[in-house]
Amino acid sequence: MSTTQSRSAVGLVGLGHMGSVMARHFLASGRKVVGWDQRPDAVEEFAAGGGTAADKLAEVASARVVISIVFDDDGTREVTLGAGGLLEALPPGGIHVVMASVSPALARELAAAHQARGQHLLAASVFGRPEAAEAAELLINCSGPATAYAEVEALLSVLGAPRWIGGEPAQAMLVKTIGNSLIHTTVEMLREMFQFLKAGGIDEQLAKELLIDTLFPGPIYSGYAQRYIDDPSSAAMIDMARKDRRNCLEAAEKMGVDLPVIRFLGEHDLP
């Protein structure tokens, strides 16, 4: 596949919030974007914004470089290995970039399946809240074949700052699962800190200034502390966070690594 081809078109599977933002950035960069989603309304909105709607999932493979960003392992496995999926549709040399937060085990499974057909899988885990996506400031950690990364680096740069971290496809997802688990643990510690000091008569905003803005400045501590002050319910667990924690603990067990704090938080459904 030529550099011209890779720069001119990209397939996109999953047109939810993150996928639709990515589509807008790709379109603004002058690329043709062929998109598919199982929800007709998402496809219609995508087409209205200038995207090329695919009637069938397999049609996105016409771009030869396809990004999938669907919710979980089941969804990613289905769009890849299911009937009429990307494994069947991508030509030899095609590149499947998985940007969904999936388990390291699935990344290995999909990489093996693509390799058997002469295709490439690049795992590309993403850090960044919706506002970072809108500003094209996502942090993108990629693992898989170095040649595949070299071919899509410019494409991913449209979304933020990509980085190749190794040749094993699971590595990017290991970083993602433990990274999100670190964030969840931080959110719980912030919640406990605010409740502890509030019981002692110290206002939440003052607590943030005294401890977070001085001892722990940075986007995670300061950002999530302010989010909690503005809306304490933001510390509640959600399904996506549970999924990422489960992936982390399962990967740790397979590697023989004990994560007692993360396991405890999971057992008690704490952030």
Side-chain angles (χ1 to χ4, degrees), residues 16-22 25 69 71-72 99-104 124-142 156 159-163 165 171-252 257-271:
H17 178 75
M18 189 68 80
S20 61
V21 172
M22 290 179 177
H25 286 311
I69 181 160
F71 178 70
D72 57 10
M99 299 192 76
S101 178
V102 301
S103 69
S125 61
V126 174
F127 287 108
R129 292 188 51 75
E131 53 268 28
E134 292 285 355
E137 295 176 350
L138 295 173
L139 302 177
I140 308 168
N141 294 304
C142 303
L156 297 179
L159 307 176
R163 178 180 182 179
I165 64 172
Q171 289 171 320
M173 297 307 167
L174 290 172
V175 172
K176 175 64 174 178
T177 58
I178 195 66
N180 276 5
S181 294
L182 283 171
I183 292 172
H184 304 154
T185 304
T186 299
V187 170
E188 173 57 20
M189 291 306 301
L190 289 170
R191 185 185 70 82
E192 293 180 18
M193 180 269 291
F194 282 129
Q195 291 187 348
F196 177 79
L197 292 181
K198 188 174 183 179
I202 298 177
D203 168 81
E204 290 171 336
Q205 197 65 53
L206 177 59
K208 177 177 179 290
E209 294 172 8
L210 293 173
L211 290 177
I212 304 306
D213 296 343
T214 54
L215 297 179
F216 303 99
I220 297 299
Y221 276 97
S222 296
Y224 280 90
Q226 191 60 54
R227 287 187 70 215
Y228 180 87
I229 292 171
D230 295 339
D231 178 15
S233 68
S234 66
M237 284 296 288
I238 59 175
D239 287 342
M240 185 172 291
R242 293 186 182 96
K243 174 204 68 173
D244 290 340
R245 178 180 289 159
R246 183 170 62 250
N247 286 342
C248 182
L249 290 170
E250 288 176 355
V257 177
D258 188 24
L259 302 176
V261 174
I262 296 173
R263 186 175 64 251
F264 176 86
L265 294 176
E267 290 171 349
H268 294 79
D269 202 34
L270 294 170

From SG (Cys142) to CD (Gln171), nearest 0.5 Å: 12.0 Å
Heavy-atom closest pair, residues Leu265 and Pro271: CD1-O, 3.4 Å
Heavy-atom closest pair, residues Met22 and Ile69: CE-CD1, 3.7 Å
Which atom of Met237 lies closest to which atom of Asp269, heavy atoms considered: CG-O, 3.5 Å
Using residues 187-202 as the side-chain source, report each donor-acceptor pair under 3.5 Å to any protein atom, sequence neighbours left out, with the distance given to one decimal.
residue: Glu188; atom: OE1; partner: Arg191; partner atom: NE; Å: 2.9
residue: Glu188; atom: OE1; partner: Arg191; partner atom: NH2; Å: 3.3
residue: Glu188; atom: OE2; partner: Arg191; partner atom: NH2; Å: 2.7
residue: Arg191; atom: NH1; partner: Gln195; partner atom: OE1; Å: 3.3

Non-hydrogen atoms of Met173 and Ser125 that approach each other most closely: SD-CB, 4.1 Å
Qualifying residues under side-chain hydrogen bond (donor to acceptor under 3.5 Å, both in side chains), relative to Ser181, sequence neighbours excluded: none
From His25 atom NE2 to Leu156 atom CG, the distance as rounded to the nearest 0.5 Å: 13.0 Å
Side-chain touch Leu259/Ile178, heavy atoms, less than 4.5 angstrom: yes
Residue pairs fulfilling salt bridge (Lys or Arg N to Asp or Glu O under 4.0 Å) with at least one residue in residues 230-241, sequence neighbours excluded: Asp239-Arg242
Show every donor-acceptor pair shorter than 3.5 Å between a side-chain atom in residues 130-140 and any protein atom, with sequence neighbours excluded, or say none if there are none.
residue: Glu134; atom: OE1; partner: Arg24; partner atom: NH2; Å: 3.2
residue: Glu134; atom: OE2; partner: Arg24; partner atom: NH2; Å: 3.0

side-chain contact (heavy atoms from CB on, under 4.5 Å) against Asn180, all qualifying residues, sequence neighbours excluded: Phe127, Lys176, Ile183, His184, Asp244
Non-neighbouring partners of Thr177 that pass side-chain contact (heavy atoms from CB on, under 4.5 Å), sequence neighbours left out: Pro104, Asn247, Cys248
Pairs satisfying side chain to side chain donor-acceptor pair (under 3.5 Å), at least one member in residues 212-223, at least two apart: Lys208-Asp213
For Arg263, side-chain contact (heavy atoms from CB on, under 4.5 Å) partners two or more places apart: Leu249, Asp258, Pro260, Glu267
Derivation of the side chain to side chain contact (heavy atoms under 4.5 Å, CB included) call for Met18 and Met99: CA-CA 10 Å; Met18 189 68 80; Met99 299 192 76; over 6 Å; no
Any residue meeting side-chain hydrogen bond (donor to acceptor under 3.5 Å, both in side chains) with Ser103, in chain and number order, not counting sequence neighbours: Asp73
